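Protein chains get the first letters and strands the later ones, always in sequence-line order, with residue 1 at the start of each. These figures come from a predicted structure and were not determined experimentally.
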Protein chains: 2
Amino acid sequence: MLVDTGSCGRIPHACHHGRSENGCADCKVRLISVCSVLELDELEELEALSHHLTLDKGQALFGQDEPAGFVFNVIEGALRLTRLLPDGRRHVMGFALPGDFLGLALQERHSVSAEALGPVKTCRFARQDFAAVVETKPHLLRSLHERAGHELNLAQEQMLLLGRRTAEEKVATFLLSLRARYARAGHSSVTVELPMGRQDMADHLGLTIETVSRMLSRLDRAHAILLVPGGVRLLDLPRLEAMAAG
Amino acid sequence: MLVDTGSCGRIPHACHHGRSENGCADCKVRLISVCSVLELDELEELEALSHHLTLDKGQALFGQDEPAGFVFNVIEGALRLTRLLPDGRRHVMGFALPGDFLGLALQERHSVSAEALGPVKTCRFARQDFAAVVETKPHLLRSLHERAGHELNLAQEQMLLLGRRTAEEKVATFLLSLRARYARAGHSSVTVELPMGRQDMADHLGLTIETVSRMLSRLDRAHAILLVPGGVRLLDLPRLEAMAAG
DNA sequence: TGCCGCCCTTGCGCTGGATCAATGCACGGC
DNA sequence: GCCGTGCATTGATCCAGCGCAAGGGCGGCA
């Protein structure tokens with residue numbers, strides 16, 4: 001068994017005996033996570049500080065503005081990263097997928113909350129421990145920094161999208177970028193799984209749930225996509241790309 | 001004279017003799033720039049690689065997707081950071097003010113273009129040179145990374161703003177955040193200078209120039225602000241903050 | 001001093017997406 | 001099998017912000 005199942009803590013829980021049989025070396029996401037820049041001996045060092053942690057659908061990994069006691073590698077599943085406005089309006093900053101690192105900036109507090117969209121497996125480190133390791137390994141810091149730069153790029157794309165694109169363009173762009181992310185993680189297919197609900201997409205794209213639904217229906221009717229349970233099949237990539245390009 | 005004025009290159013230009021008389025040690029923005037984490041001897045090392053560079057209003061410091069040959073500290077003035085959509089729609093990602101570092105992520109290409117909103121003074125480094133120094137100074141990399149984390153936070157705020165706020169909230173939030181930035185740079189006042197035009201604000205907030213103008217007029221009529229040439233006086237901070245809070 | 005060009009402001013009608021409301025549909029519990 | 005609950009779709013109406021067009025103010029320049 002890969003992870004413990006509840007004998008040693010509250011939910012969400014983590015146990016010292018919760019690691020892969022062969023440890024980080026055969027970790028599913030090693031080659032696409034920050035760990036990819038580490039040598040085997042370094043990996044062992046980090047492994048000694050790590051615990052696996054699983055969440056069920058809907059559980060929160062951490063909350064916005066909460067002290068960041070831990071940082072995480074996502075191993076399996078997807079999470080929703082949200083920010084709240086004082087009055088309750090919500091924005092979904094993005095979705096974390098396997099290989100993503102949560103707590104990239106190593107800041108004292110989490111700037112978003114993270115909730116599981118389905119069953120999730122993560123690899124958890126105490127932030128202090130992780131930061132201490134980073135201090136001794138400049139190449140790990142470089143790797144984090146590169147990822148931060150990448151995140152910044154994505155954030156800029158998203159700002160452009162939110163500020164200057166129409167509802168249809170937003171939805172088309174979202175589907176394509178999700179496909180691209182799955183592809184980078186080795187899951188290449190024209191059928192894109194949508195682990196999040198319509199409301200999450202809406203809150204990610206600055207739209208309402210009704211508009212997202214209408215746009216998906218419209219794309220379906222136009223045979224650009226095919227709506228399937230739990231996801232979408234992208235039928236006419238060139239057309240979608242034309243929409244996304246604007 | 002602090003900088004050269006055109007005897008040694010095309011515009012924009014940089015000259016080896018363009019440094020402050022006493023070098024980085026008495027640099028106006030030293031304490032608020034990335035350089036604040038450096039010791040005096042390190043500062044000298046960096047200074048040897050630096051050149052001052054000035055721009056006039058409207059000149060571009062670099063363009064989107066251009067190879068990032070250089071990175072910059074902004075010393076004086078303000079720049080507009082923009083991204084273009086293939087069809088010409090524009091989004092202003094933000095504005096760079098004194099103390100800001102351009103090229104934070106040390107990536108191979110600039111993800112935005114940077115244009116001077118008025119006379120600008122910068123401190124320029126060849127990216128390779130700067131990256132080489134960073135390699136030898138982990139605390140400098142840490143400082144860059146912290147700034148990247150801060151940028152990421154700002155980007156998230158902006159996404160929330162673009163996706164979920166009304167025109168009035170956007171404008172109020174923008175004015176307050178600009179004030180806060182000036183304050184952090186030591187320029188605290190209820191009169192906020194607006195070095196950018198209405199179109200730039202509009203493209204930053206995901207609005208049209210007309211809507212920005214209308215909202216400013218409305219706030220003025222409501223005595224929440226007072227429009228003055230080249231800027232705005234914030235008359236009713238509590239009210240503005242209430243609007244910004246949503 | 002007067003003209004020109006640039007930006008900003010304002011009015012007005014239009015529209016994309018929001019809002020409100022009803023219905024459909026899958027899944028779990030009993 | 002039947003109902004309840006939560007999510008998705010669809011339709012009808014509304015309205016915030018857009019697009020267009022007409023002024024207005026101001027600085028530069030001859």
Engineer: May I have the distance from B/R214 (atom CZ) to C/dC12 (atom C1'), rounded to whole angstrom?
Structural biologist: 9 Å
Engineer: Just the rounded figure in Å: distance from P of C/dG28 to NZ of A/K57.
Structural biologist: 11 Å
Engineer: Let me spell it out: for each of B/Q199 and A/A167, pick the nucleotide of DNA chain C with the closest heavy atom. Which residue's pick is nearer the 5' end?
Structural biologist: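 By nearest-heavy-atom nucleotide position, the 5'-most residue is B/Q199.
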Engineer: When you check the phosphate oxygens OP1 and OP2 of D/dT10, does a side-chain N or O of A/S213 lie under 4.0 Å from one of them?
Structural biologist: no
Engineer: Round to a whole Å and report the spacing from CE of B/M196 to C1' of C/dC8.
Structural biologist: 16 Å
Engineer: Should the pair B/E157-B/R165 be classified as a salt bridge under the 4.0 Å nitrogen-to-oxygen rule?
Structural biologist: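 No, B/E157 and B/R165 are not salt-bridged.
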Engineer: Could you tell me whether the side chain of B/E210 has a donor or acceptor atom within less than 3.5 Å of a complementary atom in the base of D/dC20?
Structural biologist: yes
Engineer: If I take atom CG in residue B/L207 and atom C1' in nucleotide D/dA16, what distance separates them, rounded to the nearest angstrom?
Structural biologist: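 My rounded result for the distance is 11 Å.
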Engineer: Side chains of A/L237 and A/R179: does their closest heavy-atom pair fall under 4.5 Å?
Structural biologist: yes
Engineer: Expressed in angstrom and rounded to an integer, what is the separation of B/I209 atom CD1 from D/dA21 atom P?
Structural biologist: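 Checked: the CD1 to P distance equals 16 Å.
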Engineer: With a 4.0 Å cut-off, would you call A/D65 and A/R83 a salt bridge?
Structural biologist: no
Engineer: Please report the distance, rounded to the nearest Å, between CD in A/E168 and P in C/dG17.
Structural biologist: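 In whole Å, C/dG17 P lies 9 Å from A/E168 CD.
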Engineer: Have a look at A/L216 and say if it touches a base, only the backbone sugar-phosphate, or nothing, with a 4.0 Å heavy-atom cut-off.
Structural biologist: nothing
Engineer: Are any of A/T208's side-chain N or O atoms less than 4.0 Å away from OP1 or OP2 of C/dA18?
Structural biologist: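 It does, given that an N or O in the side chain of A/T208 lies less than 4.0 Å from OP1 or OP2 of C/dA18.
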Engineer: Go nucleotide by nucleotide along DNA chain D from the 5' end; which of A/L227 and B/G206 gets its closest nucleotide reached first?
Structural biologist: A/L227
Engineer: Grab the CD1-P distance between A/I225 and D/dT9 for me, whole Å please.
Structural biologist: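 Rounding to the nearest Å, CD1 of A/I225 and P of D/dT9 are 9 Å apart.
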Engineer: May I ask you to check whether A/H51 and A/F125 place their ring centres under 6.0 Å from each other?
Structural biologist: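 No: the rings miss the under 6.0 Å criterion.
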Engineer: Determine the contact category for A/G230: base if any of its heavy atoms lies under 4.0 Å from a base atom, sugar-phosphate if only primed atoms, P, OP1 or OP2 are that close, otherwise nothing.
Structural biologist: nothing
Engineer: Under 4.0 Å between a side-chain N or O of B/R198 and OP1 or OP2 of C/dT9?
Structural biologist: yes
Engineer: On the nucleotide C/dA18, are OP1 or OP2 found under 4.0 Å from the side-chain N or O atoms that A/T211 carries?
Structural biologist: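 Yes, A/T211 has a side-chain N/O under 4.0 Å of OP1/OP2 on C/dA18.
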Engineer: Starting from P on D/dA16, measure out to CZ on B/R165 and report it in whole angstrom.
Structural biologist: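 The answer, rounded to whole Å, is 18 Å.
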Engineer: What's B/L205 touching, base or sugar-phosphate or nothing? Going by heavy atoms closer than 4.0 Å.
Structural biologist: nothing
Engineer: Compute both the distance and the angle, then confirm whether A/R124 meets the cation-pi test with A/F70: under 6.0 Å from the six-membered ring centre, within 45 degrees of the axis.
Structural biologist: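 Pair A/R124/A/F70 counts as cation-pi.
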